[in-house]
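Down below is the structure, laid out as structure tokens.
Residue numbers count from 1 along this sequence.
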Amino acid sequence: MNKHEVAHILDEIGTLLSLKGENPFKIRAYQNAARAVENLSEDLQVVVDEERLEEIPGIGKKIALKITALVNTGKLPYFEKLKKSIPPGLLDLLNVPGLGGKKIKALYQKLRIKTKKDLIEACKKGRIARLKGFGQKTQDNILSNIAKIETYGKRVYWWDAEKNAQSILEEIASHKDVSEAEIAGSFRRNLETVGDLDILVSSSHPEKVMEWFVKRPWVEKVLAKGPTKSSVLLKTGLQVDLRVIPKKQFAAALIYFTGSKEHNIRIRTKANILGVTLSEYGLEPLTGARLKKAAQRLTPKVLSTEEAIYKFLGMKFIPPELREDMGEVEAALKKKIPELVEYKDIKGAFHCHTTDSDGHNTLQEMVEAAQKLKWQYIGISDHSKSSFQANGMDEKRLFDQTKRIKKLNGSKKFSTYVFAGLECDILLNGKLDFPDRVLKELDFVIVSVHRSFNLDEKTMTARIIKAIENPYTTMLGHLTGRLLLKRDAYAVNIPKVIDACIANKVIIELNASPMRLDMDWRFWHKASDKGLKCSINPDAHSVAELEYVRAGVNVARKGWLEKKDIFNTLTLAKVLAYLKKR
Ligand SMILES: [Zn+2]
Ligand SMILES: [Zn+2]
């Protein structure tokens, strides 16, 4: 079992214990252990083999034994027993945002609520509102949250799917009867959330591959097994579909199962004009069109790769993440596909938190981690005083941090340069949380909305634009406040905000937290054409979260962004010059 699976189970144990009404310290211990395992920078198996688990802060003796069992055997009888002791419907209730173990236990004990259906009924009858510790507001929230899960379905963050995807793909690709293997679908298109993983392989022995696939140790449940298509559920709840395809159809199938419906319609139409049909089975001459020139050019070579198929259609290769029918077909016909930004272009990152506000690692630890990533610079921006829930800093603490950053830069202890900044709250009236005389001491200022989300669009837009107009604002943080799969964006006129940023030379961040990915990729192409600059910011609250920049790069690519559009692809010297000029 890998560290993600172990962390997932530890977390689930914590939840199950809370359903049983266990003591909060015990519950917290499992949650902390889950986080410690997830953030582990070395190989979990090695730590287990060398019996060093207990040296990790947050992991005690008892939990260490359980982790060891999970890593070595993939099983934990304690967990199985715990699961069986709880009505299955109650576990399902945990998927309702806002309902934790404690609340679910109360609902079960006081109202005998065992399933989602029971819960909806009780809400409709007003019984939850009357329950002590709940109230009308909670009842309304429960109903709207249930509606939300129904619309979002069982989607997961791209980032979470990715944790399983690469290792599964590698394992499948290494099977001796598999000649090609690739993940298709929304995962390959770098969509921010994915419903499942679609894996395509080519093989001349489909039955053998299927037989082997459904017996992999990471398979929790086989949903369907057929000669050429099977579906399984992983332990983390993610569904994986495997399709086995004859070798000569592989490239066409890959195009078919990767593109969005709209993209596929566009390229099929283009094929028809040329006198051929394009489907998951390949390119074939249209009936009655045998004499058309293009149909005569149909040779096996034309079908051998995706590039060759696009070329046959008169197009440049379209990178998978662009296949959404948002201008890419026209661009490919004109041979004007952008040179998308890559992770290796990134030179550093802004928007990182430390223990000075709500981060988990100290300033030193964050800089050290940035140095390990070979970043030339890191921008520290902890919360400002109005974000008291996030331990926001007052003026004194801010200046103390700035002083420590200067000292650190002066000491030359790290090759990574540190920019002293702030994630400054945008107050209700659009003013910033600190006066200009404080802001002007900083290298950069990110302005963000952290409260009062329920304004009408006009008021919210004016509020944000006022903050953008502050002369000390460098960047706008998480533009819409959305939390993917959890909280919708607040009402704001995005095109107006984009225009205000361009006019005031303010950068908009692409918040790279996999739960945010905000501003949405759908806006970037047009905005960057108009001159908007993007900064891919991890919003890291720990050393491990600096990795989020990768998720940001994926989505920036989806938004057509090139190296030149991204602020943090600039070298340290250029960033220094830019910030000084501002
Ligand atoms: Zn924030
Ligand atoms: Zn932040």
Side-chain angles (χ1 to χ4, degrees), residues 155-156 158 160-191 193-216 218-219 222-234 238-268 271 277-284 300-313 317-324 328 554 557-558:
R155 297 188 75 83
V156 299
W158 182 94
D160 284 344
E162 212 269 339
K163 286 174 189 165
N164 297 299
Q166 287 314 325
S167 61
I168 289 180
L169 182 66
E170 272 165 36
E171 197 176 333
I172 292 176
S174 67
H175 188 278
K176 68 174 172 39
D177 290 314
V178 167
S179 39
E180 280 157 295
E182 190 72 72
I183 303 173
S186 46
F187 180 83
R188 188 167 180 237
R189 295 206 314 281
N190 288 355
L191 212 60
T193 62
V194 302
D196 51 27
L197 280 185
D198 283 311
I199 302 182
L200 306 187
V201 304
S202 72
S203 172
S204 32
H205 300 285
E207 334 68 45
K208 272 197 200 160
V209 176
M210 281 307 172
E211 217 35 72
W212 170 85
F213 171 66
V214 295
K215 290 199 190 107
R216 291 304 80 214
W218 30 262
V219 170
V222 179
L223 299 172
K225 181 174 169 277
T228 57
K229 190 195 162 193
S230 295
S231 298
V232 301
L233 268 188
L234 303 186
L238 182 68
Q239 183 178 328
V240 180
D241 296 342
L242 182 74
R243 283 190 174 79
V244 186
I245 286 150
K247 199 169 170 23
K248 66 177 198 304
Q249 290 169 6
F250 188 75
L254 191 53
I255 287 184
Y256 179 84
F257 288 108
T258 298
S260 72
K261 210 167 86 199
E262 294 76 15
H263 173 88
N264 287 350
I265 292 174
R266 292 292 310 278
I267 56 173
R268 267 202 312 266
T277 61
L278 172 63
S279 71
E280 57 179 293
Y281 308 109
L283 287 162
E284 281 161 305
K301 210 180 153 202
V302 165
L303 292 169
S304 61
T305 62
E306 285 187 309
E307 280 89 345
I309 293 176
Y310 279 110
K311 193 172 168 200
F312 178 84
L313 299 174
F317 174 74
I318 300 178
E321 49 272 78
L322 298 188
R323 301 181 195 170
E324 298 282 353
E328 77 281 6
N554 282 327
R557 290 172 61 86
K558 196 159 184 56

* Do side-chain atoms of Ser179 reach the backbone of Ser202 as a donor and acceptor pair under 3.5 angstrom? -> yes

Any donor-acceptor N/O pair, Ser167 side chain to Asn164 backbone, under 3.5 Å: yes

Correct closest heavy-atom pair for Thr258 and Ala184 would be OG1-CB, 3.6 Å

Are any side-chain N or O atoms of Arg189 and backbone N or O atoms of Glu324, one a donor and one an acceptor, separated by less than 3.5 Å? no

Quick one about Gln239 and Asp241 (side-chain donor to acceptor, distance below 3.5 Å, no hydrogens or angles considered), yes or no? yes

Ion pair check, Arg557 and Glu321, cut-off under 4.0 Å: yes

Correct closest heavy-atom pair for Gly195 and Ser186 would be N-OG, 4.3 Å

Closer than 3.5 angstrom, by distance alone: can the side chain of Arg243 be matched with the main-chain N or O of Lys229 as a donor-acceptor pair? no

One should read off an interatomic distance between Lys163 NZ and Ile168 CD1, to the nearest 0.5 angstrom, of 13.5 Å

### Query
Is any NZ, NE, NH1 or NH2 atom of the basic residue among Glu328 and Arg266 found under 4.0 Å from an Asp or Glu carboxylate oxygen of the other?
no

(Q) Looking at Asn264 and Tyr256, would you say the former's side chain and the latter's main chain have a donor-acceptor pair under 3.5 Å? (A) yes

Legend entry - side chain to side chain contact (heavy atoms under 4.5 Å, CB included) between Phe213 and Ser230, intermediate numbers included: CA-CA 8 Å; Phe213 171 66; Ser230 295; 4.2 Å; yes

Discussion item. Can you tell me how the ring of Phe317 sits relative to the ring of Tyr310, calling it parallel under 30°, perpendicular over 60° and tilted otherwise?
Written reply: perpendicular

- request: Say whether, by atom type as modelled, one donor and one acceptor occur between the side chain of Ser203 and the main chain of Asp177 under 3.5 angstrom.
  value: yes

Below 4.0 angstrom, N of the basic side chain to O of the carboxylate: do Arg188 and Glu306 qualify?
yes

Rounding to 0.5 Å, atoms CH2 (Trp212) and NZ (Lys176) come to a distance of 11.0 Å

When you look at His175 and Val201, which way does the side chain to side chain contact (heavy atoms under 4.5 Å, CB included) test go after all the steps?
CA-CA 10 Å; His175 188 278; Val201 304; over 6 Å; no

- Looking only at atom types and distance, does a side-chain atom of Trp158 sit under 3.5 Å from a main-chain N or O of Val194, one as donor and one as acceptor? no

Q) If you count the non-hydrogen atoms of other residues, nucleotides and ligands that lie under 6.0 Å from CZ in Phe257, is the total more than 12? A) yes

*asked:* Does any part of the side chain of Leu242, heavy atoms only, come nearer than 4.5 Å to the side chain of Val232, both counted from C-beta?
replied: no

